[in-house]
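Here the structure comes first, spelled out in structure tokens, and everything after it is commentary.
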Amino acid sequence: MIEIKNLQKSFGSKPVLRGVNLTIEEGMTNVIIGASGCGKSVLLKHIVGLLKPDEGHILIDGEDITKMNEKEIYAIRKKFGFLFQSAALFDSMTVGDNIGIALRENTLTPKPEIDRIVSEKLGLVDLPGTENLMPSELSGGMRKRVGLARALATNPQYILYDEPTTGLDPITSETIDELMDTVAQNKNLRVTSIIVTHDIFTVYEIGDRVAMMYDGIVHFTGTPDELRVTTDPIVRQFLERTDEKRAKH
Ligand SMILES: Nc1ncnc2c1ncn2[C@@H]1O[C@H](COP(=O)(O)OP(=O)(O)OP(=O)(O)O)[C@@H](O)[C@H]1O
Ligand SMILES: [Mg+2]
């Protein structure tokens, strides 16, 4: 479980997080929504210790990451897989080498075992046998899937997705949603998912819990069904804007 308590962060004189409180429940798919620039990516970066807050605490399985030194954070980070907003792959490396990088660099896993894990994760994201392709040979959706396989390589307890479907066509987005759901439902992997998204379909299709950020705080939390029927004016306005945008495209 991850507990975020009164998290505050300013950049210069600009407050971005103004007291975020949020509980990420074990084994659930937790979706975070909110307008562009409201601090969703900044929040994710705090959770993995890439940013230090000005105030507040983040307890990861009871351990306060905000009080840790670099070495301790590094150990905690092994619990996480992270699919970044850009899903950046190393262009000079094969797909297989991209996926195995954390195992090669941070563990003593022998090469044949790494090869086996890479092959297994590629199977999981429905790209079996693509180890030797170069990233330049992949479509945008395939790159996201390779990014997901890489995030899964170390069998993380938590997987963080920052806008996994942004920039993809609706069909490819649906494939990525299904894949995140498959990973979330896989009893052997036992992952807790945190998905930041602009894609309201992701919320309704695969979310167990949803949190909406607004004005530097978590303004709403509930189930997708509760989101659907809430009369909260700020949430309604956000959802209506999302609908309008979708209608335009
Ligand atoms: N390292 C940084 N230094 C200064 N300002 C930053 C930094 N990182 C983020 N910000 C600012 O914090 C605010 C929130 O950024 P963030 O990237 O978290 O938004 P977001 O909710 O993820 O938006 P989007 O949906 O567009 O990805 C923005 O105004 C951004 O300019
Ligand atoms: Mg972002």
Side-chain angles (χ1 to χ4, degrees), residues 2 4-24 29-58 60 65-66 70 73 77 80-89 140-141 143-144 147-148 150-151 158-170 172-173 176-177 180 193-207 209-221 224 227 232 234-246 248-249:
I2 302 177
I4 299 161
K5 295 182 177 170
N6 187 32
L7 202 69
Q8 299 182 29
K9 179 74 174 178
S10 295
F11 293 106
S13 61
K14 187 178 168 214
V16 174
L17 305 182
R18 298 192 310 114
V20 168
N21 291 292
L22 182 65
T23 301
I24 302 293
T29 297
N30 302 267
V31 188
I32 300 173
I33 57 174
S36 192
C38 74
K40 303 179 298 296
S41 296
V42 165
L43 178 61
L44 286 190
K45 284 175 190 163
H46 278 90
I47 294 175
V48 291
L50 289 171
L51 285 173
K52 279 255 185 239
D54 302 328
E55 293 284 337
H57 301 280
I58 301 175
I60 295 171
I65 189 171
T66 62
E70 273 306 310
I73 289 175
R77 213 172 275 154
F80 290 94
F82 202 155
L83 186 62
F84 284 98
Q85 198 155 354
S86 55
L89 302 176
R143 294 171 79 96
K144 291 273 185 186
L148 177 54
R150 183 172 62 186
Y158 299 100
I159 178 151
L160 273 50
Y161 304 88
D162 197 351
E163 298 193 16
T165 62
T166 300
L168 302 177
D169 66 73
T172 311
S173 296
I176 299 289
D177 280 348
M180 290 191 289
S193 312
I194 306 172
I195 307 172
V196 163
T197 188
H198 282 287
D199 193 337
I200 203 72
F201 279 117
T202 304
V203 177
Y204 294 133
E205 293 293 326
I206 70 173
R209 308 283 306 162
V210 54
M212 183 186 147
M213 289 177 68
Y214 177 81
D215 203 17
I217 62 162
V218 171
H219 179 80
F220 171 92
T221 53
L227 182 81
D232 182 290
I234 287 168
V235 177
R236 291 262 58 97
Q237 191 184 28
F238 175 77
L239 293 177
E240 276 155 28
R241 285 223 195 113
T242 309
D243 278 346
E244 277 168 25
K245 252 189 268 162
R246 188 145 27 99
K248 265 193 229 153
H249 290 295

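Heavy atoms only: backbone and side chains are in, while hydrogens, waters and symmetry mates are out. Order of listing sets the numbers, starting from 1, for every ligand and every atom in it. Starting from 1, each residue takes its place in the sequence as its number.
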* To do: Report all protein residues having a heavy-atom distance below 4.0 Å to some atom of ligand 1; order the list by chain, then number.
  => Phe11, Lys14, Val16, Ala35, Ser36, Gly37, Cys38, Gly39, Lys40, Ser41, Val42, Gln85, Glu163, His198
* Okay, side chain of Lys40, backbone of Ile32: is any donor-acceptor separation there less than 3.5 Å? ->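 Absent.
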* **Exam field: side chain Arg209 to backbone Ile24, donor-acceptor pair closer than 3.5 Å** =>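 Side chain of Arg209 to backbone of Ile24, a donor-acceptor pair under 3.5 Å: no, none is there.
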* Stepwise, does the side-chain contact (heavy atoms from CB on, under 4.5 Å) test hold for Thr172 with Lys144? -> CA-CA 10 Å; Thr172 311; Lys144 291 273 185 186; over 6 Å; no
* How many angstroms lie between atom OH of Tyr161 and atom OG1 of Thr202, to the nearest 0.5 angstrom? ->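 Tyr161 atom OH to Thr202 atom OG1 measures 11.0 Å (nearest 0.5 Å).
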* Look at the N, O or S atoms of Ser36, main chain and side chain alike, and state whether any lies under 2.8 Å from the Mg ion (ligand 2). =>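 Of the N, O and S atoms in Ser36, none lies under 2.8 Å from the Mg ion (ligand 2), which means no.
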Acceptor/donor pairs from residues 5-12 side chains to any protein atom, 3.5 angstrom cut, sequence neighbours excluded:
from: Asn6; atom 1: OD1; to: Gln8; atom 2: NE2; distance (Å): 3.1
from: Lys9; atom 1: NZ; to: Lys52; atom 2: O; distance (Å): 2.7

* Asked: Minimum heavy-atom separation for Gly39 to Val16, with atom names?
  -> CA-CG1, 3.8 Å
